[in-house]
Amino acid sequence: MIDRERLERRMTELARIGGQDTAVSRLGLSADEQRARDLVGAWLSKRGAHVRRDAAANLFARFGGEGKVILVGSHLDSVPEGGRFDGALGVLCAIEAVESLVDAHVRLRRPVEVVAWADEEGARFGVGLFGSAAMFGRLASSIGDRRDRDGVSIAEALRALGERGDPAAARRDPAELAAYLELHIEQGPRLERAGLPLGVVSDIVGIYHARVTIRGRADHAGATVMTARADALAAASEIVLAVERIARARPDSVGTVGEIAVRPGAKNVVPGESLFSLDLRAARDHDGLVREVLTSVTTIAGSRGVEASVDELARVPVTSLDPKIREVLRHATRSVGVDAPELVSGAGHDAQNPALSGVPTGMIFVRSTGGSHTPREFASVDDAALGAQALANAIRELAS
Ligand code: GLV
Ligand code: MN
Ligand code: MN
């Protein structure tokens, strides 16, 4: 049985790390993320798990002995000024699910490992799904050199956390795993609208992340006539609107420019350079969406006499989750009295990396309100406890 009070107490305790009121800023590969790992690691080692960290700062806590592993977890980092539930709830419910099986002296035929992935959001270095990509060998080889805004590289950030600075060393053979399970808040309104506490994820959208640099020409804002300018921000603005237009016109597609910077950045200087992010997602024809946006970047830059360069950070294809694990999860949710609908996830998840590496993978969604990636994000303890119970039932079915 799930210990609802224990789950609630831990939700509150974890939310204090990097938290203020209902907001949490616990960036990936930061000291706060490390404190969160230390906290959950201590809970798990007290329950007899073998706890270790890998070269990408992922935390693993293993219960049981030999054989293929059931891996279950989520991430502990957040976006800046995010909420208390995105990622954290999946780690807390994985811990609670496994502890409930330990409490009940359930004999597990397979080892079960709880994982807390490092830096899922990629808020600081721009590389999302970092820890899980490292474990499944899906990181670009030069990734350790990528720097944050202060010039600190990923390798340096890992060294500051006590690692060697070589995330590729986190790689593990996917054949070691029998299954990967992740519980996560839905981050959208579908379960709330349906009046249902739980869902089962069928597919996760394809995601493309890039940083675009537009190089125009800085000039005097008073002395440069409008026809003689190469305004980098005006070009970037036209691209932002093109992203919106293209994504609106395509089925099941979204496109966002969430960060933008201008250099030199003064009211009386025509912008010489502009840097912005691209986040392009689609449940179908993701490649077509990316192609159309990149073509428009080139066309708009050409027509405005500026240069555009695109630094691709990540491209994760549309990911279908395993039909057999989905059935196990549907059965597990039915066993807690919920007829869980299958949902496509518009958010990216660490589950994509095991799924794309051939590991049978499934996800449970817990109803959430108030959106996500904001302090308004919310899931009730009752729904979380129900999700944790369904997760425990699924682990039991897969591991015993
Ligand atoms: C992660 O939350 C993402 O989908 O960006
Ligand atoms: Mn998120
Ligand atoms: Mn998340």
Side-chain angles (χ1 to χ4, degrees), residues 11 14-15 18-19 22-30 32-33 36 40 58 72-94 115-133 180-188 199 201 203-211 247 252-259 277-283 286 289 313-319 321 343-356 361 363-368 370-379 384 387:
M11 282 165 78
L14 181 57
T22 64
V24 172
S25 293
R26 195 161 57 224
L27 297 199
L29 305 184
S30 69
D32 276 341
E33 189 199 43
V40 308
N58 297 311
V72 50
S74 191
H75 61 97
L76 287 173
D77 64 309
S78 78
V79 294
E81 295 172 43
R84 291 166 289 166
F85 300 92
D86 176 359
L89 192 72
V91 177
L92 291 165
C93 287
V115 60
W117 301 112
D119 197 6
E120 188 270 353
E121 301 287 3
R124 181 172 166 201
F125 295 100
V127 183
L129 311 182
F130 170 79
S132 54
Y180 173 71
L181 303 178
E182 181 165 353
L183 174 149
H184 204 283
I185 56 164
E186 188 210 329
Q187 305 178 279
V201 178
D203 307 88
I204 305 173
V205 291
I207 304 178
Y208 173 85
H209 282 155
R211 277 183 188 150
D252 301 325
S253 298
V254 290
T256 306
V257 176
E259 283 180 274
S277 59
L278 277 180
D279 179 311
L280 306 173
R281 309 187 187 207
H286 182 241
L289 169 68
L313 300 172
R315 192 193 280 249
V316 185
V318 179
T319 312
L321 301 188
L343 301 170
V344 175
S345 173
H349 296 289
D350 288 306
Q352 285 174 279
N353 282 313
L356 292 166
T361 293
M363 288 189 76
I364 294 178
F365 269 171
V366 171
R367 166 168 57 192
S368 59
S372 184
H373 287 181
T374 107
R376 297 188 311 277
E377 150 190 305
F378 179 77

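Order of appearance sets the numbers: ligands from 1, and atoms from 1 within every ligand.
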Next on the checklist: H75 and side chain to side chain donor-acceptor pair (under 3.5 Å): which single residue from D86, D119, D350 fits?
Outcome noted: D86
Checklist entry - Restricting to N, O or S atoms of H184, which is nearest to the Mn ion (ligand 3)? => result NE2
Looking only at atom types and distance, does a side-chain atom of [X] sit under 3.5 Å from a main-chain N or O of [Y], one as donor and one as acceptor?
X    : Y    : value
T22  : P375 : yes
S368 : A379 : no
R124 : L29  : yes
S74  : H184 : no

Checklist entry - What heavy-atom pair brings G199 and L343 nearest, and what distance separates the two atoms? => result CA-CD1, 4.4 Å
Checklist outcome for this item: Minimal heavy-atom distance between I204 and A351, with the atoms involved, is CD1-CB, 4.3 Å
When you pair each N or O of ligand 1 with protein N or O atoms, which pairs come out under 3.5 Å?
from     : atom 1 : to   : atom 2 : distance (Å)
ligand 1 : 2 (O)  : E121 : OE1    : 3.0
ligand 1 : 2 (O)  : H373 : NE2    : 3.0
ligand 1 : 4 (O)  : R281 : NH1    : 2.7
ligand 1 : 4 (O)  : R281 : NH2    : 3.2
ligand 1 : 4 (O)  : G348 : N      : 2.7
ligand 1 : 5 (O)  : R281 : NH2    : 2.7

Item to check | N/O/S atom of H75 inside 2.8 Å of the Mn ion (ligand 3), strictly under | outcome: yes
Next on the checklist: Please name the atom of E121, limited to N, O or S, that comes nearest to the Mn ion (ligand 2).
Outcome noted: OE2
Checklist entry - To the nearest 10°, how many degrees is the angle D86 OD2 to the Mn ion (ligand 2) to H373 NE2? => result 90°
